[in-house]
Engineer: 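I'd like to ask some things about the structure below.
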Amino acid sequence: MSHAPARNAAPPPQEEGITLLINMETEVEGLLAVARKEKQEKLKSAHEEAVNAVRQLRAQKEAEFQAHKREIAGSQEDFGRRIEEDAKAECEKLEKSFNERKAAAAALLVQAVLTTRE
């Protein structure tokens with residue numbers, strides 16, 4: 001009497017363990033694939049956020065720079081205008097002084113020419 005294994009009989013415990021390990025390995029590979037995909041999505045999202053933050057910072061700094069540039073340009077214009085006004089005032093002051101003293105200077109020159117040296 002030979003006993004042939006029945007086809008509908010449960011697989012031997014060793015085959016059951018191998019099948020269980022293969023199923024678990026497949027499940028773990030699926031979980032790892034999902035985890036990798038989520039990690040890539042998070043990295044992509046973080047990268048996009050960083051790029052946006054850099055753009056915003058760049059725009060803010062550019063606006064600050066342009067405002068500073070306008071302020072300096074205005075200061076330079078004011079400075080140039082002040083120098084011009086000061087120079088004009090100094091010229092007017094010198095001209096007034098000249099006009100006040102030219103008659104006396106001319107009289108001194110005439111007296112010096114007409115006075116003979118002894």
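Just so you know, these numbers use all the heavy atoms, side chains as well, and skip hydrogens, waters and symmetry mates.
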Engineer: Taking the side chain as everything from C-beta on, heavy atoms only, tell me whether Cys91 gets closer than 4.5 Å to Glu95.
Structural biologist: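 Not touching, per the 4.5 Å side-chain cut-off.
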
Engineer: For Glu15, is there any backbone N or O sitting under 3.5 Å from a side-chain donor or acceptor partner on Thr19?
Structural biologist: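 At least one qualifying donor-acceptor pair exists.
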
Engineer: Can you tell me how far CG of Leu94 sits from CG of Asn99, rounded to the nearest 0.5 angstrom?
Structural biologist: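 The CG atom of Asn99 sits 11.0 Å away from the CG atom of Leu94.
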
Engineer: Considering only heavy atoms from C-beta outward, does the side chain of His47 approach that of Lys44 to under 4.5 Å?
Structural biologist: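 No, side chains not in contact.
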
Engineer: Restricting to salt bridge (charged side-chain N to carboxylate O under 4.0 Å, His left out), what partner residues turn up for Lys88, sequence neighbours left out?
Structural biologist: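 Partners of Lys88 by the salt bridge (charged side-chain N to carboxylate O under 4.0 Å, His left out) criterion come out as none, since no residue qualifies.
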
Engineer: Find the distance between CZ (Arg70) and CZ (Phe65) and round it off to the nearest 0.5 Å.
Structural biologist: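 So the gap between those two atoms works out to 10.5 Å.
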
Engineer: Please examine the side chains of Leu108 and Gln111, heavy atoms only from C-beta on, and report whether any two atoms are closer than 4.5 Å.
Structural biologist: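 SC-SC contact between Gln111 and Leu108 confirmed.
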
Engineer: For Glu41, does its backbone N or O pair with a side-chain atom of Ser45 as donor and acceptor, under 3.5 Å?
Structural biologist: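 Between the backbone of Glu41 and the side chain of Ser45 there is no qualifying donor-acceptor contact (under 3.5 Å).
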
Engineer: Are Lys39 and Leu43 packed together at the side-chain level, in the sense that at least one heavy-atom pair is separated by less than 4.5 angstrom?
Structural biologist: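 Yes, close enough: below the 4.5 Å cut-off.
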
Engineer: Between CD of Gln66 and NZ of Lys69, what distance do you get to the nearest 0.5 Å?
Structural biologist: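 Reported value, rounded in 0.5 Å steps: 4.5 Å.
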
Engineer: For Asp86, give me all partners under salt bridge (charged side-chain N to carboxylate O under 4.0 Å, His left out), at least two apart in sequence or on another chain.
Structural biologist: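 For Asp86, no residue satisfies salt bridge (charged side-chain N to carboxylate O under 4.0 Å, His left out) once neighbours in sequence are set aside.
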
Engineer: Assess the side chains of Gln60 and Gln56: does a donor N or O sit below 3.5 Å from an acceptor N or O?
Structural biologist: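 Side chains of Gln60 and Gln56: no pair found under 3.5 Å.
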
Engineer: Calculate, to the nearest 0.5 Å, the distance between atoms CD and CG belonging to Glu27 and Leu32 respectively.
Structural biologist: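 Rounded to the nearest 0.5 Å, the CD-CG separation comes to 11.0 Å.
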
Engineer: So do the side chains of Arg81 and Asp78 get within less than 4.5 Å of each other, counting heavy atoms only?
Structural biologist: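 Side-chain contact under 4.5 Å: yes.
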
Engineer: Nearest 0.5 Å please: distance from the OG1 atom of Thr26 over to the CG atom of Leu21.
Structural biologist: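 One finds 10.5 Å between OG1 of Thr26 and CG of Leu21.
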
Engineer: Check each of Glu48, Glu49, Arg55 against Val51 using the side chain to side chain contact (heavy atoms under 4.5 Å, CB included) test, and report the only one that passes.
Structural biologist: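 The single option meeting the side chain to side chain contact (heavy atoms under 4.5 Å, CB included) with Val51 is Arg55.
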
Engineer: I need the Glu90 CD to Ile83 CD1 distance, nearest 0.5 Å.
Structural biologist: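 Reported to 0.5 Å precision, the distance equals 13.5 Å.
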
